[in-house]
Structure formats: structure tokens, C-alpha cells
Protein chains: 2
Amino acid sequence: MSEPPESETPPPRSPKGERTRARILDSATELFSRSGFHAVSLRDIAAHAGLTHAGLLHHFPGKDSLLIEVLGRRDRTDAQAVFPGITHPGAPEPGPDERLRRLVGLVVRNSRTPGLVALYAKLSAEATDPGHPAHHYFRERYRVLREELTVLVEALQAASRPPVQGDPAVTARQLLALMDGLQTQWLLEPDAVVMEDLVTDFLHRLGLGPAAGAEGGGVSP
Amino acid sequence: MSEPPESETPPPRSPKGERTRARILDSATELFSRSGFHAVSLRDIAAHAGLTHAGLLHHFPGKDSLLIEVLGRRDRTDAQAVFPGITHPGAPEPGPDERLRRLVGLVVRNSRTPGLVALYAKLSAEATDPGHPAHHYFRERYRVLREELTVLVEALQAASRPPVQGDPAVTARQLLALMDGLQTQWLLEPDAVVMEDLVTDFLHRLGLGPAAGAEGGGVSP
DNA sequence: GTCTATATCGCGATAGAC
DNA sequence: GTCTATCGCGATATAGAC
């Protein structure tokens, strides 16, 4: 995804080619998630999908484009789960509490796929290089995430008693940074970090917790 | 630095070897900062330092150990600037405001070396892999940073009026995560993010700003 | 359109001459 | 302490068989 939306029609593909492509994407997702990007070769992915590495390169121009298609597929799934507004502009918007619940749910879900979290962590760092093949993809990804989190924070602020001040865009940036940074700490020490607790605690201390949610216990450091 | 402190005496080296070593470390720091770890070869570094890659490997057993020495040198410098207690146990501890000022100063200083910040961002993500050569280095690094930030937060909490509740270790973890995550966003869009403002704002909204500091303007999103 | 086989490149690392 | 020569490896690109 070098360009924000896909305005062009993808080239027509045969049903067999389509299935092979999907098989390759599945294999790539699994292997990338397990071992990261650099540690996995095209030969590994091709073997896992049941063909040779040159056969794979018939379907994807190179390792980079394969990576970006893997990421795009995953992001589209996640975005629909938390922010239905992205893909279905007319759909009914859930309330702030429900959206917060979904966001935390996404964090919890991430905790079950450390391989993919690690892949995103590595790539979002690598892709800060303007020459990286996924640079534009990640710039766009962060822009969209920031926008959606800003809307969420706005809704939480409006629903908070007493009303919370502050620029929602600033809080959204901080929230996004917090989630990213916690992933690194969690990957380093999976048993010492409960990401969703630390995210919830952060919002709580800003007065943006669930409208009537009474958080019982403490938070593990 | 595979082990926490260095309890062993380094092998004696000739003055010439020492100079060559330093030249190699300088070159490695510059090239790693510019292009990252994987994108730079030992041949690149050796050429920049004025020898061949085999000559370089006489001074460092491998690319990994070279990397870790580059990181260690930088970290030692930074730690002394902000947390004099680490290297000089008996030295007088500065007050909470002064330590906060130094921490923010470190963030500002980082803003002037995007290459090194990018290197750390890439490596701390890569090194989450338990098999990565710098894995233990980064686990130890985060442990120390967390401890020092916990002490800082404790001091800020004690100095705050009214006193701020909460587990300092939790806040320290969140602060560390925030700083890490902001680096990624800043590297992606250098002109759109002022890291020190967002860090200061975060502490401010937790009631942990400088004791008498009146923040004038707003914060850019 | 789909895939295999082959060739080339640059990498980290080692051995041994000087 | 530094070099040349060389190894095995993985990523990538191309030619052409089916």
C-alpha cells in the first residue's frame, strides 16, 4: 500500500493463481509472525506454501511487497473490528464506552499473537527510514490510527464527569505512543507487563475511564 | 554487555590498537546511525575507518559485539548526564526538579541525533527476540531505566502539591513507554512531533509537573 | 499462466602470509 | 596488526520448461 486508498483495479487473476496467492500470504503471515521479517527467507515461505522461491516471485515482485500485503490484510481486519467507521462510513457508530472496550479488546487480542506484535514493532521502527518499502504504508497507518483515537478521546472527554480539558489530538498521540512503547516492554518481559491494564490505568488517571466503571484492584507494575 | 556490570578487566591493548579500536567504534556509530544495523556491512565500516573488514575483525570478534560496544558507549554517556547516582554512588543527588529538567534535556538532545534515535528504535524492537545478540543488553537497559525513572517519579510525587497517589513503578513504565512510542512517531514525521512537549504534558496532567513550573503555551498535537 | 533450474551477488566469518 | 584469499550462505534475478 504505497498509495493511501486503492483507486486502481487489481490485475485480473486466474482462480488457481488466486488460491496460490492466498496460500503464500498465509504462509508468509505465519512465518513472519513466528520468526520476524529478516529471519525468514523467500525459500522458507515458498517451501511452506508448497512451491519454490522462484515460483513465489511470480506472484509477488519481491519480499518487500509480500510483507506489505501481509500487513495490509491484518490491518484491514483489525480496523473493522474497532473502527467500523473506516470501512463502513454509514454504519451506526458505537458509543464511547463500547469503542474503548473494543480498543482494550484489541490490546488483549494482540497479547495472544506475540509474533505479529513483534513484527509490527520491528517494522514500524525500520519503516521510519524514508527509503524503506513500507515507509508510506506506516505513515498512513499512523495517520489513520491517530485520527480514530482522536475521535475516541473526544467522545470519552465529552462523556467524562467532570468534563476533561485538553486537546484530544495530543492525548491521542500520547495514547498511541503508550501502546507502542508498552509492546516493546511486553515483548522483552512478557510475564511482567499486562498491556491492557497499563493502558486502562493511563486513561483512568486522565479522567477518561469508562463512564461508570469502578476499577477494583491495582495495576501490576 | 551480556552481563550487567563489567567485573572483568579488559585485556591490555597497545596504544595503536586502542586508537584503531576507537576509530572503528566512531565509524560504526556514524554508519549505524545513518543506515541502521542490518543495512551496514563490516566492509562498509572498515572502509570508513581505513582498513579491510578482516582487519576490523581482529579488534572485534564479530558484528554483534561491535554493535553492543557502540550502544554501551552511548548509554554510559547518557546515564551519567541524567542519573549521576549510577556511576558515582556517593555523588550528591540533584533534586526532583533538576532531574526532571535533565530528563527533558535528554529528550531534546535526542531530537538532534535522529540517526541514533532510529538505531535504538530499530534495535530495541529487534532485540525483543530472545535469540538476538543484544537481547540481554536491552533487558538490562530497560530494567535500569525503569528503576531510575521510578525513583524520579517517587521524588516528583513527594514534591507535588497536592500529593499524587499511585504506584511510581507503574507511572515509570508508562513514562518509558511514552518516550519510546513518541520516538517512532517523531521519526516518521519529524516536524509534526515535539517529543519534550508531549512528555512534559503527560507528567503535567498527572500532577507531576515541575513544582512551581507555569507552562505558558499549549502543546502541538 | 505457472513453475523449476540455474547464475550471480554481497554478506559474515575464517585461515594463514607478511 | 593488517592483509589477501577463500568459504558457505541467503537474497535476488533471469531463462526457459511445462
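Because only heavy atoms are used, hydrogens play no part in the values below, and waters and symmetry mates are left out as well, while side chains stay in. Here is how names work: the chains are called A, B, and so on, in the same order as the sequence lines, proteins then strands, and each is numbered from 1.
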Item to check | Interatomic spacing from OG1 in A:Thr20 to CG in A:Leu25 - rounded to 0.5 Å | outcome: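 The distance works out to 11.0 Å.
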Item to check | Interatomic distance where CZ belongs to A:Phe60 and P belongs to C:dC3 [whole Å] | outcome: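 Going from CZ in A:Phe60 over to P in C:dC3 covers 12 Å.
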Checklist entry - Which residues, if any, of residues 118-126 of chain B bring a heavy atom under 4.0 Å of DNA chain C? => result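 Per residue number, the list is empty: none.
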Checklist entry - According to a strict under-4.0 Å criterion, is B:Thr20 in side-chain N/O contact with OP1 or OP2 of D:dT2? => result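 So the side-chain polar atoms of B:Thr20 do come within 4.0 Å of the phosphate oxygens OP1 or OP2 of D:dT2, strictly under.
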Next on the checklist: Tell me whether the rings of B:His132 and B:Phe37 are parallel (<30°), tilted (30 to 60°) or perpendicular (>60°).
Outcome noted: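 Aromatic pair B:His132/B:Phe37 classed tilted.
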Item to check | Phosphate contact (D:dG1 OP1 or OP2) by B:Ser14 side-chain N/O below 4.0 Å | outcome: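 True: B:Ser14 side-chain N/O within range (under 4.0 Å) of D:dG1 OP1/OP2.
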Checklist outcome for this item: Per-nt protein contacts along nucleotides 5-18 of chain D (heavy atom under 4.0 Å; B base, S backbone sugar-phosphate only, - none) come out as ------BBBB----
Checklist entry - Can you check whether B:Asp129 reaches B:His135 side chain to side chain, under 4.5 Å on heavy atoms? => result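 Side chain of B:Asp129 against side chain of B:His135, heavy atoms only: no contact under 4.5 Å found.
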Checklist entry - Rounded to whole angstrom units, what separation is found between the CG atom of B:Leu56 and the P atom of D:dC3? => result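 Result: 10 Å.
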Next on the checklist: Under the criterion ring pair (Phe, Tyr, Trp, His ring centres under 6.0 Å), I'd like the reasoning laid out for B:Tyr142 against B:Tyr137: C-alpha separation, chi angles, the key distance, then a yes or no.
Outcome noted: CA-CA 9 Å; B:Tyr142 272 88; B:Tyr137 179 85; over 10 Å; no
Item to check | Nearest-angstrom distance from the residue atom NE2 of A:His58 to P of C:dG1 | outcome: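 It works out to 7 Å between those atoms.
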Next on the checklist: Please report the interatomic distance CG(A:Leu203) to CG(A:Leu198), rounded to the nearest 0.5 Å.
Outcome noted: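 Rounded to the nearest 0.5 Å, the CG-CG separation comes out at 11.5 Å.
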Item to check | Atom pair CD/CG of B:Glu154 and B:Asp167 - distance to nearest 0.5 Å | outcome: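 Going from CD on B:Glu154 over to CG on B:Asp167, the span is 8.5 Å.
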Next on the checklist: Between A:Arg23 and A:Ala49 (side chain of the first, backbone of the second, donor and acceptor by atom type, cut-off under 3.5 Å), is there such a pair?
Outcome noted: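 Flag set: sc A:Arg23 to bb A:Ala49 pair under 3.5 Å.
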Next on the checklist: Suppose we call two aromatic rings close when their centres sit under 6.0 Å apart. Are A:Tyr120 and A:Phe32 close by that rule?
Outcome noted: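 Ring centres of A:Phe32 and A:Tyr120 not closer than 6.0 Å.
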